[in-house]
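Everything below concerns the one structure shown next.
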2 protein chains.
Amino acid sequence: MDYRLDRDTSNCSIARTLEVVGEKWTILILREVWYGSSRFSDFERVLGCPRNLLAARLRMLVEEGILATETYKEPGSRSRPKYVITPKGVDLVPAVMGLLQWGDRYRADPEGPAVLARHRGCGAHVDAQIRCERGHAVQAEDIESVPGPAFRMRPAG
Amino acid sequence: MDYRLDRDTSNCSIARTLEVVGEKWTILILREVWYGSSRFSDFERVLGCPRNLLAARLRMLVEEGILATETYKEPGSRSRPKYVITPKGVDLVPAVMGLLQWGDRYRADPEGPAVLARHRGCGAHVDAQIRCERGHAVQAEDIESVPGPAFRMRPAG
DNA sequence: CTGCTGAGTATAGAAAAGTAAACTCAGGTG
DNA sequence: CACCTGAGTTTACTTTTCTATACTCAGCAG
């Protein structure tokens, strides 16, 4: 029984988050909600994603409380549903910013990124940083991972 | 031609990062590298991931420069390869911390998280935050996304 | 030179995910 | 009342992943 190798990984928060947002299209849908899309046809048009998957992913995001449905009404048409982000969805922003930032650094076109994130008002470039509760900037090497309250070992076998 | 809906999304940095780390197991392998695993058998044991997929993901991570191979030698055995993280891999930490943090908040067991991240030395809890270059903490609502140097519209059609 | 071990590769079958295209359904328009 | 539109559902097909087992290969031990 090795402390690291025989621990139970089924309650890992990273794995659990990936169960929700780890399927193809899910994060890209959130990206578009971010950038202002809200209608089924918006997502379909900008993502080029198959309708059945789009419907399934939207349904799942709503069930999970990451998106919520509202209705909109175009003059001369009936009311239709639209999708808006919830606070629970907003809390995914740091993770998505982290992905964005890595791509900007290592996989951008020669000219640079396709999209820039700025602090509204101040205008300065925005990114995801690791900080401790006391406000210190933390280097990845200075993060210590220790067993938490739900830590447990994998049942032997 | 709508500015948002008809832009070319193929050079999106989020999508490009997901091309590298978006497959199942990839981020979980990185998590284990983090927590101290380095050998093929370590990953197999802790993740329970099929060998062929594990071999494929490790090969890809090495090709991408996120992991590198070194050798280790157990007394009485021959040299064998092990996998260590590179600076390019370390730069994925903010994204993974973002996922961890969301899972801790919304999907943890009732007792709390399985693992806690602390600032070595100071001991305070660590998380991913959004900041601008001038050091201001930024709320998700105050992020403004603007077209960058590689922004382009999708070819009409 | 035979066996053992860690690190893989090879292969085959089952399940899940992805893709494409046709179809449905409700309500508003002409 | 036939037609149009946005928002899906259904179905058929392809690809990817998953699981499980068997096999290889290098070098150290006996």
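If you're wondering where the values come from, they're calculated on a predicted model, not measured in any experiment. Proteins get letters first, then strands, A, B, ... in listed order; numbering begins at 1 in each.
- Among the heavy atoms of the strands lying under 4.0 Å from B/Arg59 are primed sugar atoms or P, OP1, OP2 only; no base atom is included.
- Atom CD of A/Glu23 and atom C1' of D/dC18 are 15 Å apart (whole Å).
- A/Glu74 comes within 4.0 angstrom of nothing in the nucleic acid, heavy atoms only.
- With distances taken from any side-chain atom of A/Tyr72 to the nucleotides C/dG8, D/dG6, D/dG8, the minimum falls on D/dG6.
- The nucleotide whose nearest atom lies closest to any side-chain atom of A/Leu53 is, among C/dA20, C/dA7, C/dG18, C/dG18.
- Position along DNA chain D of the nearest nucleotide to B/Gly76 versus A/Ser41 favours A/Ser41 as the more 5'-ward residue.
- Positionally, the nearest nucleotide of DNA chain D for A/Leu58 lies more toward the 5' end than for the other of A/Leu58 and B/Gly48.
- Taking all atoms of both residues into account, the shortest heavy-atom contact from B/Pro149 to A/Gly112 is CG-CA, 3.9 Å.
- Summarising the geometry, the separation between CE on A/Met60 and P on C/dG18 is reported as 10 Å, rounded to the nearest angstrom.
- The side chain of B/Trp25 places an N or O atom within less than 4.0 Å of a non-bridging phosphate oxygen (OP1 or OP2) of D/dC18.
- Picking from C/dG18, D/dT10, C/dA12 the nucleotide with the shortest atom distance to the side chain of A/Asn52 gives D/dT10.
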Please list, one pair per line, the donor and acceptor atoms closer than 3.5 Å that link side chains of residues 96-104 of chain B to other protein atoms, with sequence neighbours excluded.
{"from": "B/Gln101", "atom 1": "OE1", "to": "B/Ala128", "atom 2": "N", "distance (Å)": "2.7"}
{"from": "B/Gln101", "atom 1": "NE2", "to": "B/Ala128", "atom 2": "O", "distance (Å)": "3.1"}
{"from": "B/Trp102", "atom 1": "NE1", "to": "A/Lys88", "atom 2": "O", "distance (Å)": "2.9"}
{"from": "B/Asp104", "atom 1": "OD1", "to": "A/Ser13", "atom 2": "OG", "distance (Å)": "2.5"}

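- Across the protein-nucleic acid pair, A/Leu54 atom CG and C/dA17 atom C1' stand 15 Å apart, rounded to whole Å.
- Between A/Lys24 and the phosphate of C/dA17, there is no side-chain N or O to OP1/OP2 separation shorter than 4.0 Å.
- A salt bridge links B/Arg152 to A/Asp109: at least one charged side-chain nitrogen sits closer than 4.0 Å to a carboxylate oxygen.
- Smallest separation of non-hydrogen atoms from B/Arg118 and B/Gly123: CD-O, 3.6 Å.
- A distance of 10.5 Å separates NZ in A/Lys24 from CG in B/Leu18, rounded to the nearest 0.5 Å.
- The side chain of B/Tyr83 places an N or O atom within less than 4.0 Å of a non-bridging phosphate oxygen (OP1 or OP2) of C/dG8.
- Position along DNA chain C of the nearest nucleotide to A/Pro50 versus B/Arg51 favours B/Arg51 as the more 5'-ward residue.
- Atom pair A/Asp42:CG and D/dG8:C1' shows a separation of 15 Å (rounding to whole Å applied).
- Listed pair B/Arg39 / C/dG8 fails the phosphate criterion, with no side-chain N or O lying under 4.0 Å from OP1 or OP2.
- Between B/His119 and A/His136, the ring-plane angle classifies as perpendicular under the 30° and 60° cut-offs.
- Summarising the geometry, the separation between CG on B/Leu61 and P on C/dG8 is reported as 13 Å, rounded to the nearest angstrom.
- Closest to the B/Arg78 side chain, of the nucleotides C/dA20, C/dG27, D/dG27, is D/dG27.
- Spacing between atom NZ of B/Lys73 and atom P of C/dG6 amounts to 14 Å, rounded to whole angstrom units.
- Between the CZ atom of B/Phe40 and the P atom of D/dT24 there is a distance of 18 Å, given to the nearest Å.
- For the pair A/Arg80 CZ and D/dT5 P, the interatomic distance rounds to 11 Å; values are reported in whole Å.
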